[in-house]
There are 2 protein chains.
Amino acid sequence: MANSADTADVSDTADSGAGSRAPDPKTRRRGAELEAAILDAAWAELSEHGYGRFTMEGVAARAGTSKPVLYRRWSSRAELALAAWDSRVPVDPDVPDTGSLRADLVALFERVARRTGVMVSEMIAGVMGDAFRHPEIVQVLRQRLMEPSSLTEAVGEVVSRAVARGELPPVRLPHRVARAPLDLVRNEFITCGGAVDSHVIGELVDEVYLPLLRGLDRDPSADPGTPSS
Amino acid sequence: MANSADTADVSDTADSGAGSRAPDPKTRRRGAELEAAILDAAWAELSEHGYGRFTMEGVAARAGTSKPVLYRRWSSRAELALAAWDSRVPVDPDVPDTGSLRADLVALFERVARRTGVMVSEMIAGVMGDAFRHPEIVQVLRQRLMEPSSLTEAVGEVVSRAVARGELPPVRLPHRVARAPLDLVRNEFITCGGAVDSHVIGELVDEVYLPLLRGLDRDPSADPGTPSS
DNA sequence: GCCCCTAAGATACGTTGCGTTTCTTATCCA
DNA sequence: TGGATAAGAAACGCAACGTATCTTAGGGGC
């Protein structure tokens, strides 16, 4: 699943441009195989057209199947989009360790910005827009946004290394703060649209996130000056 | 405009519940009068149904007019929604001055949370969702989100009073930080849905915004210890 | 190896809602 | 008072959602 995902991530999007959809008119796929093909197609449609032009017809055509097959699995457009997203969320790789807090943060933000994308933000917006009609979707979306995820752990890791290095005092890291990089990047996507380039990331880190970390309350449970190794 | 708006703000929403729309079948309104009636109706529809069920038909019916009249003024549903929003944005009142930074901030956040609303956040999402088809909308929305507004000024004011009181060192306040209260509240609406209650506001202030302010770089242009009065 | 039952695939349908077109008619202004 | 202007009404084309109906492939039980 993951490998086929990686393989197709953009190239699939590119090569199956317009005409050659139906991959194999002979055999009739079933179960997991079909489902994977549909999710691949859905992701490609999302990447190409964004959620605004993400249509069930388009996905069905691209996957070489038909709408009822989609609706037997997902009850709405929004659910299919979220499922496609799910199927492509990359496993978060290791936390960068550059030796300095700022560089670690920049690397982290850049990873978030790349992982999230214009498309994903637009999709969040679109799904939110559809959510009024399918209230059950809101739960799914919200959970996806709130889940602790490997990101918050990564932030914790980066911060504790900075503490160990003496770049920061021992701090208490509230969940909101650990989540903030994702929120900041998403907010940037929504309000500024285009790509979040490294200049913007620099501003986010220098103007907002580093000050925030430096201003956090000290952790009373840590011995000041003796960070645990 | 403003008074008729206030009058209708919720009560109109309530009383014109289902049947009695057309306010006056005799006279044919024109120009500004008609426009105001349409915007009132649009705002009421937005408040009642949210953007997801905000339809041109609904607005036209409620305003006692017809779709072409709407399209002669606004080129799309999204534009009408934004115009309705515009027509209701309250003039930001004065900055609270409670004597303490934290209380000032809580008051400010609460005002932002009340001014923004679930509806407005959902609307932002919905407009974003429509934006792919009407790219010109993105500009309008973005400008609305980015504009310095009285909020950033209010933040500046609150902060400089705190500096004068000695609660903060003289700090340089980047635009991103001044904008942050709005971003934080909006983000909260999007990710957590329901109302942003005072408990959440307390967390935002205590866990995020106060630490952020305390961690800001000092303003090199200010004499430390001698804040200008 | 045969048959049946599940589910895939195709087609067509009903519905909603956008944005448009056409036409009639009221109201303002010269 | 008459003509330009814009309101109001009705209907249309179109896209896309979500559904219903039907045929048929193919896997699994016997």
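Here is how names work: the chains are called A, B, and so on, in the same order as the sequence lines, proteins then strands, and each is numbered from 1. Since the structure is predicted, the reported quantities are computational estimates derived from the model, not experimental observations.
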[X] near the nucleic acid: base, sugar-phosphate alone, or nothing, with a heavy-atom cut-off under 4.0 Å?
| X | answer |
| --- | --- |
| A:Ser75 | nothing |
| A:Arg30 | base |
| B:Thr65 | sugar-phosphate |

Take atom [atom1] of [X] and atom [atom2] of [N], then tell me their distance rounded to the nearest Å.
| X | N | atom1 | atom2 | result |
| --- | --- | --- | --- | --- |
| A:Ile38 | C:dA7 | CD1 | P | 14 Å |
| A:Glu33 | C:dA7 | CD | P | 16 Å |
| B:Phe54 | C:dG19 | CZ | P | 11 Å |
| B:His49 | C:dT16 | NE2 | C1' | 15 Å |
| A:Arg77 | C:dT15 | CZ | P | 21 Å |
| B:Leu70 | D:dA9 | CG | P | 12 Å |
| B:Glu35 | D:dT5 | CD | P | 19 Å |
| A:Met56 | D:dA15 | CE | P | 19 Å |

Taking A:Arg73 for the side chain and A:Leu80 for the main chain, is one N or O donor matched with an acceptor at less than 3.5 Å?
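No, because the side chain of A:Arg73 does not come within donor-acceptor range (under 3.5 Å) of the backbone of A:Leu80.
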
Identify which nucleotide among [options] has an atom closest to any side-chain atom of [X], counting heavy atoms from C-beta outward.
| X | options | result |
| --- | --- | --- |
| A:Lys67 | D:dG8, C:dA12, D:dA7 | C:dA12 |
| A:Pro68 | D:dG8, D:dC17, C:dT11 | C:dT11 |
| A:Glu57 | D:dC17, D:dG26, C:dG17 | D:dC17 |
| A:Arg28 | D:dA7, D:dT24, D:dG18 | D:dT24 |
| A:Tyr71 | D:dG8, D:dC17, C:dA8 | D:dC17 |

N or O in side chain of A:Thr55 less than 4.0 angstrom from D:dA16 OP1/OP2
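For D:dA16, neither OP1 nor OP2 has a side-chain N or O of A:Thr55 closer than 4.0 Å.
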
Between C:dA8 and A:Arg73, is there an OP1 or OP2 to side-chain N/O distance shorter than 4.0 Å?
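Checking C:dA8 against A:Arg73, a side-chain N or O does come within under 4.0 Å of OP1 or OP2.
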
Evaluate the criterion side chain to side chain contact (heavy atoms under 4.5 Å, CB included) for residue pair A:Val200 and A:Phe109; output intermediate values, then yes/no.
CA-CA 10 Å; A:Val200 170; A:Phe109 272 70; over 6 Å; no

With heavy-atom distances below 4.5 Å as the criterion, would you say the side chains of B:Asn187 and A:Asn187 are in contact?
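Result no, sub-4.5 Å side-chain heavy-atom pair not found.
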
Any N/O donor-acceptor pair, B:Arg72 side-chain to D:dG8 base, under 3.5 Å
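It does, because a donor-acceptor pair links the side chain of B:Arg72 to the base of D:dG8 below 3.5 Å.
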
Under the side chain to side chain contact (heavy atoms under 4.5 Å, CB included) rule, what do A:Arg172 and A:Leu216 come out as? Steps first, then yes or no, please.
CA-CA 7 Å; A:Arg172 198 177 55 84; A:Leu216 284 179; over 6 Å; no

So does A:Asp206 pair up with A:Arg102, basic N to acidic O under 4.0 Å?
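Here A:Asp206 pairs with A:Arg102 in a salt bridge, since their nearest N and O are under 4.0 Å apart.
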
